[in-house]
Structures are given as C-alpha cells and as structure tokens.
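FYI, the numbering just counts along the sequence from 1. For ligands, and for the atoms within them, numbers begin at 1 and follow the listed sequence.
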Amino acid sequence: KLAYEISYLYENNKNEILKLFNCPSHNFIFTSSASEANNLALKGIAFMYQNRGKHIISAKNEHPSILETLKQLESFGFDVTYLDVNESGVIDIEQLKTTIRKDTILVSLMAANNETGAINPIKQIIEVIKNYPKIYLHVDAVQAVGKIDLDYKDIDLFTISAHKIHGLKGEGGLAIKNNIKLFPLICGGGQQDGFRSGTIDYANAFCLTKAVSNAFKNRRNSGEIAKINKIIYDYLINNADEYAINSKMVDVNPYILNFSLKRKKASVVVEALSNNNICVSTKSSCHSKSNNESYVIYEQTKDHLLSSNSIRLSFSHLNSVEEANYFVQILDKIIKEIKQ
Ligand code: PLP
C-alpha cells in the first residue's frame, strides 16, 4: 500500500512541476543533477535521431555539462557548430539561421548564462526552429527558473536544477515534449517511461517540486533584486577605471552581476570581501576545477586579462538593499586599501 501511495505522490509531483512551468502535456524526468539532465537531453536526442543527421548547434559560452557532452558526441562522429556570442554574451539569431543544415538534428542553447546572467533570445530561437520540424530545441534553463520569464511550453526539452533555486544539491530534471523519444543513458527496469531506469528517488521528486514551487512564488520579489543590482552596477560604472562590467544591463538576468577588475587581483579582493562576511566567487560555483581564466568572459571580451580577473555576484530573494549598500562601501574601501 505504501509503495502505491508513494508512486501516486510521484505522479502528482511530476504533474505539479509541469503545471508550474505551464507545459502540462510535457513529460518530466527526475535526475540526479542538471548535468545529468543535460547529458540525457543531448546524448538522448543525438543517439535516438542520428539516422536523420549528425549535426548539432550550440554556443561557445554554454555550461561545461553541455560543452563536455558535445565533445564526447564529437568523438562519436557528431559534428557540432559552436555559435559565437557578442560582447553581452548573447548569440546572434542571424548566425543561428545560417548555421542550420539539412543534417541538423538538435540546437542546444542556454536561457541565461551562469557566470554573467546574459539572456539568449529564446522566443526568437523558437521561431527559427519552428521552421524545421526535424530539429529539436533544448534549453538549459537552470539559471532562468523563477528568475526570468520563459514560454516553457514551446521548448522541446529543458533542464532544471534544484540547488539554483534554494533546493537540495543533487537534484535536477528534464522536461520533454511528449512526442519526443530519447536514447536512455541508464537502461534497466523501465522506470520514468524508460528514459531513466532505476528505482525512483521519491524524496528527490518531492523536494524538487517544492523548490520549483517556491521559486515561482519568490519571483514576485524580482523588483527588489533589480534595485540591489542597480546600486552595485551604478557604483561599478562610476568607477570605470577600476572595473569592467561583464553583465550588460540589457537582456540580463538581474540575479547575477559579473565584473572584472582592471588593476587589482580578483582573488585578493574576494578574500578581503570574505573577511567582511561577503561571499562572492571568481567564477560560477558550477565549476569545480580552478583554472583562473573564464572562457565565458573570454568569449565576450576577447581579453585574457579581464577573463582571468572576474568576480561574480549572485543575488537571491533573501538579499536586501542595505546589503547592496554595505557591499559597495566595503568593496570601495578594499580597492582603495589594496596596493598592487
Ligand atoms: N547548467 C547551468 C547553466 C548551471 O548554472 C549549472 C550549475 O549549477 C548546471 C547546468 C549544472 O547543474 P548541476 O550542479 O545540478 O549539475
């Protein structure tokens, strides 16, 4: 009886998540992370539909869970075109149009960048892809959930992660339109419609659903986030001899603000901020390895100095305007005190 009740709860959670994203007729697969969901989306489509063609389109500033998966697919004979991004970190729709080929089967582009917050024009991308019924569009929406508006129902496949929306670490998911099949990464007893075998982690499903639901509720506070962002942005722009802003004001997720230091070392400033109880990172927290240069910032700036010396601020609905003012005051003091 308990097993039956739990599986009923799982179905309920799945339907609730899809309702929250306003795409009730999609399917949803609970995974261990967004990295797994991205792997499942890309390899799942590539291996399932390779008889149609082996060309995939993505972009140079995507998350490593996309780029490394594509590298693997290249070693299996797939051909990947990586779109450039402009100085704001956004792809060019015209370049996307000219890159599409007869053998293109998949386009994978992120909604919002994890390091800079740059927002891709997903609506326009959907309009382009609509003309090619044999091309699927995958969107890494990890940084978009509850933060920017997206018409999820028009996206063939999208990835989410719990820990970017105050959920538990180690939870993610992939939504897919009902008519799409995937080559499964994990074969076995056929759970989750055969797309991901293995006994379902019901606790994971429950917690992810709660996190998504809270993320959409907390979205109401985004006006406050814009204020916080603007206080810091204005300070940085008024001190342009010290800072270069990598998160442009237009088309950017206000929850992220990335800037480079022109004259001081980012690692020294991060440490000094930390001594004042301010936690920031030099790159996205998604990167576990620390090679100092950010390829995301490099693709935007084409400047090795700026891309090796960036700081990423990440805000949440729990931050306040007072904290933004405190940050500016402390950062200014630190920059004036540091000698090098
Ligand atoms: N995609 C983006 C855009 C991310 O920011 C992250 C990092 O959190 C991931 C994918 C990977 O998420 P996870 O840590 O759940 O694998």
Atom of L150, atom of A144 and distance for their closest heavy-atom approach: CD1-CB, 4.1 Å

Smallest separation among heavy atoms of S307 and E293, with atom names: OG-OE2, 2.6 Å

Proximal atoms of ligand 1 relative to H163 (non-hydrogen, under 4.0 Å): 8 (O), 13 (P), 14 (O), 15 (O)

Residues that, via side-chain heavy atoms closer than 4.5 angstrom, fall in one hydrophobic cluster with I148: I119

Region of K169 engaging ligand 1 - heavy atom pairs below 4.0 Å: neither

For ligand 1, the portion of S161 having any non-hydrogen atom under 4.0 Å away: side chain

Pairs involving residues 228-237, ordered by first then second residue, that meet side chain to side chain donor-acceptor pair (under 3.5 Å) (sequence neighbours left out): K230-D234, Y235-Y243, Y235-D332

Heavy-atom pair of closest approach, residues Y298 and H304: CE1-CE1, 3.4 Å

Spacing of D92 atom CG and L83 atom CG [to the nearest 0.5 Å]: 8.5 Å

Between S213 and E16, a side-chain donor and acceptor under 3.5 Å: no

Whether E36 lies under 4.0 Å from ligand 1, heavy atom: no

Contact atoms of ligand 1, heavy-atom distance to S33 under 4.0 Å: 15 (O), 16 (O)

S65 touching ligand 1 at heavy-atom level, < 4.0 angstrom: yes

N/O separation below 3.5 Å, A34 to ligand 1: yes

Element-labelled atoms of ligand 1 that are located less than 4.0 Å from some non-hydrogen atom of M110: 3 (C)

Polar atom proximity, D140 to ligand 1 (N or O, under 3.5 Å): yes

